[in-house]
Amino acid sequence: MSKTLPNLANLPPEVQALFAAQAAELGRKDAEMLGLSLSHAAAQKRLKDEMASVGAALSVERTAHARAIQNRDTIIADLRLQLHGHNKHRFGSKSESSAQLVLELILEELEIEQAAETDDEDASSDADAKPPRTPRKRKPFPKGLKRVQKTITPSDACTDCGGSFKVLGTDVMEELEYVPGYYIVNQLGRPRLACTCCEAVVQAEMPSRPIPKSFVGPALMAHILCCKYGYHLPLYRQSQMFANEGIDLSGSLMAGWVGKCSKLLERVSDAIRDHVFEAQAIFMDDTTVKLLQKGNGKGKNKTKTARLWVYARKENTWASGTPPAVWYQFSTSRGAEHPSQHLATYEGFAHADAYAGYNDAYRTGRIKEMACMAHVRREFFDLYESTKLPVAGEAVLRVKKLYGVETQARFLPASERVSLRQEYAKPIFDDLEVWLKEQLGKISSKTPLAKAIKYALARLPKARPYLDHGFLELDNNTAENAVRPVAVGRKNYLFMGSEAGGNSAAIAYTLIETAKMNKVNPEAWLAWVLERIQDHPANRINDLMPWAYQEMIEAQEQSAIAA
């Protein structure tokens with residue numbers, strides 16, 4: 001227990017003075033300690049403020065340093081991207097370019113142009129005004145080729161009196177034909193028949209032929225077309241192949257055949273165009289081809305960049321059941337007037353890249369743009385491949401998730417595709433857009449990565465319609481696949497000889513690639529078409545489509561099995 005302090009008044013004066021002195025000293029000490037405490041607190045506050053100021057300065061310096069490092073990395077990435085492109089251009093594969101090859105191809109294209117622009121009817125009407133042409137002397141077909149004799153008669157009995165016929169003589173015309181793997185010569189005999197009762201003389205008319213007054217059969221013509229435009233063999237090479245079989249077919253002769261046949265088949269190509277533009281959504285793209293420039297007067301051949309445009313329809317991914325098709329068109333430039341003209345009758349969605357030339361067509365309101373996510377992905381993929389930037393790699397992975405949903409949606413009906421996309425793809429799509437905006441705010445706007453992000457953000461709103469429409473696709477790969485045969489072909493034939501030659505190529509590509517899309521043998525189908533088209537009614541051209549041919553073949557096979 002604490003003791004109670006005594007009453008100071010009862011103490012001696014000297015003791016009271018001592019207590020008073022000690023109390024004063026304690027007060028002074030307390031005041032001194034309080035002063036020290038306040039001084040220490042002020043110093044501590046000042047030190048904290050100084051530390052906060054230094055920390056802020058360090059943070060600013062650290063941010064600036066990080067940005068400088070990032071700018072340096074993006075500059076290095078840009079330089080690496082340029083170096084990658086230069087190396088690819090320098091060390092990539094090169095086309096044939098010898099002077100002799102160029103000359104062969106120039107002649108081939110010019111002859112196709114001449115044949116395509118020549119009208120047989122006009123030529124026959126002007127026959128009186130022109131001197132007679134010297135008949136072409138050709139070497140006879142090799143004796144070793146198989147001969148198939150065919151006899152064409154008008155009827156079994158005289159149409160005047162019903163009497164029987166006796167043979168006066170036979171006109172024989174030899175036609176070179178191609179059967180896969182070998183060649184044959186069809187000997188088409190047309191006997192001149194005299195009635196034994198009334199002496200009337202009759203002879204069967206020659207059947208309609210793809211090219212009148214020529215000796216090329218439909219199957220051989222189809223083979224030549226497919227070799228040139230389907231397998232990318234220029235005609236001078238095909239001429240060498242025929243020479244190995246002992247057959248004399250010059251490149252000039254075949255060029256005339258190609259030009260005339262492409263003109264004959266143009267209405268089939270137009271029917272394919274109409275079929276493509278009946279779709280709710282199409283795929284469109286374009287690619288470059290070289291066009292020969294004539295008339296420079298300097299003895300040197302120059303070329304300019306022309307275009308082949310592609311418009312495709314493919315609906316099997318949403319279980320439509322409508323046959324796919326692709327239509328090509330040639331133009332001498334990439335002007336916006338060309339797609340506007342091509343799309344004049346179309347109404348619906350169009351999958352396309354960001355080419356500004358399509359904008360005039362979009363402004364009509366008939367055509368709605370559907371952007372391609374493959375192009376968005378490609379921007380980041382190329383950047384990551386050359387620079388290994390993590391943001392670019394992350395963007396590729398996020399787009400890949402959208403394609404994962406599309407893998408599940410492929411071949412489902414349109415309504416089911418929409419449900420699947422709304423549940424799984426829409427959150428990924430929305431998150432990708434938000435994430436890209438965040439990344440753009442962290443980097444310099446002049447870097448390759450920023451350019452890729454800006455491109456993606458501009459295209460994403462135009463790609464969003466696929467989430468609400470099951471007949472739309474996430475990308476424009478259908479059109480890009482249709483462009484590839486042209487890219488392969490131009491490495492072989494190098495250029496188009498003229499605008500007419502380009503139009504002939506567009507017709508041939510339309511027919512051959514549409515047949516391929518329908519898994520129809522293009523050679524067999526074209527031979528079938530060429531055999532019939534001269535006499536086929538114009539209002540029933542759809543009966544000659546590849547899918548109609550395939551249905552006929554399948555019906556014949558079923559009949560053979562049933563029999």
Side-chain angles (χ1 to χ4, degrees), residues 229 262 265-289 306-318 320 322-372 374-375 462 465-466 469 471-487 489 496 502-518 522 541-542 545-547:
Y229 297 107
S262 60
L265 293 167
E266 186 173 11
R267 50 181 172 150
V268 181
S269 174
D270 291 344
I272 290 175
R273 172 203 61 199
D274 296 340
H275 175 75
V276 169
F277 286 161
E278 289 172 357
Q280 293 176 274
I282 61 171
F283 304 83
M284 58 188 190
D285 201 356
D286 68 287
T287 190
T288 59
V289 291
R307 292 279 163 174
L308 268 177
W309 304 82
V310 175
Y311 303 91
R313 176 181 188 177
K314 189 176 182 183
E315 301 177 355
N316 64 319
T317 52
W318 51 279
S320 165
T322 303
V326 58
W327 182 57
Y328 294 80
Q329 279 289 279
F330 175 81
S331 68
T332 57
S333 69
R334 205 191 186 196
E337 68 274 12
H338 300 300
S340 296
Q341 180 183 0
H342 302 158
L343 297 165
T345 61
Y346 177 64
E347 183 174 354
F349 280 90
H351 298 77
D353 57 22
Y355 172 49
Y358 296 132
N359 290 342
D360 288 348
Y362 299 145
R363 291 189 191 101
T364 63
R366 292 181 291 102
I367 303 171
K368 303 176 182 65
E369 182 179 5
M370 174 60 204
C372 174
H375 281 78
K462 297 174 182 178
Y466 98 101
H469 301 281
F471 57 84
L472 295 178
E473 298 297 330
L474 186 58
D475 54 44
N476 193 32
N477 286 349
T478 297
E480 294 196 5
N481 290 338
V483 162
R484 287 176 184 171
V486 180
M496 303 293 182
N503 291 333
S504 294
I507 292 169
Y509 278 126
T510 296
L511 303 179
I512 293 171
E513 296 305 319
T514 297
K516 289 181 180 179
M517 290 179 74
N518 286 274
I541 199 68
N542 288 331
M545 295 293 102
W547 44 90

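Heavy-atom minimum distance, Pro339 versus Trp309: CD-CH2, 3.7 Å. The two residues Leu511 and Ser269 come nearest to each other via the heavy atoms CD2-N, 4.0 Å. In terms of heavy atoms, Ser504 sits closest to Ser262 at OG-OG, 3.0 Å. The minimum heavy-atom distance between Phe277 and Tyr311, with the atom names listed, is CE2-CB, 4.1 Å. Of all non-hydrogen atoms in Phe283 and Lys314, the two that sit nearest each other are CE1-O, 3.8 Å. Among all heavy-atom pairs drawn from Val326 and Ala482, the shortest one is CG2-CB, 3.8 Å.
Counting only heavy atoms from C-beta outward, the side chains of Ser333 and Arg307 never approach each other to under 4.5 Å. With a 4.5 Å cut-off on side-chain heavy atoms, Pro324 and Asn518 count as touching. Contact check for Thr322 versus His275: side-chain heavy atoms found under the 4.5 Å cut-off. A 4.5 Å side-chain heavy-atom check between Asn503 and Gln329 finds every atom pair outside the cut-off. In this structure the side chain of Glu278 never reaches within 4.5 angstrom of the side chain of Tyr346, judged on heavy atoms.
Glu266 pairs by the side-chain contact (heavy atoms from CB on, under 4.5 Å) definition with Lys263, Asp270, Ile507, not counting sequence neighbours. With sequence neighbours left out, Thr287 forms a side-chain contact (heavy atoms from CB on, under 4.5 Å) with Leu308, Val483, Val486, Arg490.
Between the CD atom in Glu480 and the CG atom in Asp475 there is a gap of 8.0 Å [rounded to 0.5 Å]. Residue Leu474 holds its CG atom at 9.0 Å from CG of Asn477, rounded to the nearest 0.5 Å. Considering CE of Met517 and CH2 of Trp547, their distance stands at 9.5 Å, rounded to 0.5 Å. Between the CZ atom of Arg313 and the CD atom of Gln280 there is a distance of 8.5 Å, given to the nearest 0.5 Å. Rounding to the nearest 0.5 Å gives a distance of 13.0 Å between CZ of Arg273 and OG1 of Thr514. The CG atom of Asp285 sits 6.0 Å away from the NE2 atom of His375 when rounded to the nearest 0.5 Å.
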Between side-chain atoms of residues 347-362 and protein atoms elsewhere (two or more places apart, or another chain), which donor-acceptor pairs fall under 3.5 Å?
residue : atom : partner : partner atom : Å
His351  : ND1  : Ile282  : O            : 3.0
His351  : NE2  : Glu473  : N            : 3.0
Asp353  : OD1  : Tyr355  : N            : 3.1
Tyr355  : OH   : Arg334  : O            : 2.1
Asn359  : ND2  : Ala356  : O            : 3.2
Asp360  : OD1  : Arg363  : NH1          : 2.4

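In summary, the side chains of His342 and Glu337 do not present any donor paired with an acceptor at a separation below 3.5 Å, with no hydrogens or angles considered.
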* Output, in order, the C-alpha distance, side-chain angles, deciding distance and verdict of side chain to side chain contact (heavy atoms under 4.5 Å, CB included) for Met370 and Asn476. => CA-CA 9 Å; Met370 174 60 204; Asn476 193 32; over 6 Å; no
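A distance-only check finds a donor-acceptor pair linking the side chain of Thr510 to the backbone of Ala506 [under 3.5 Å].
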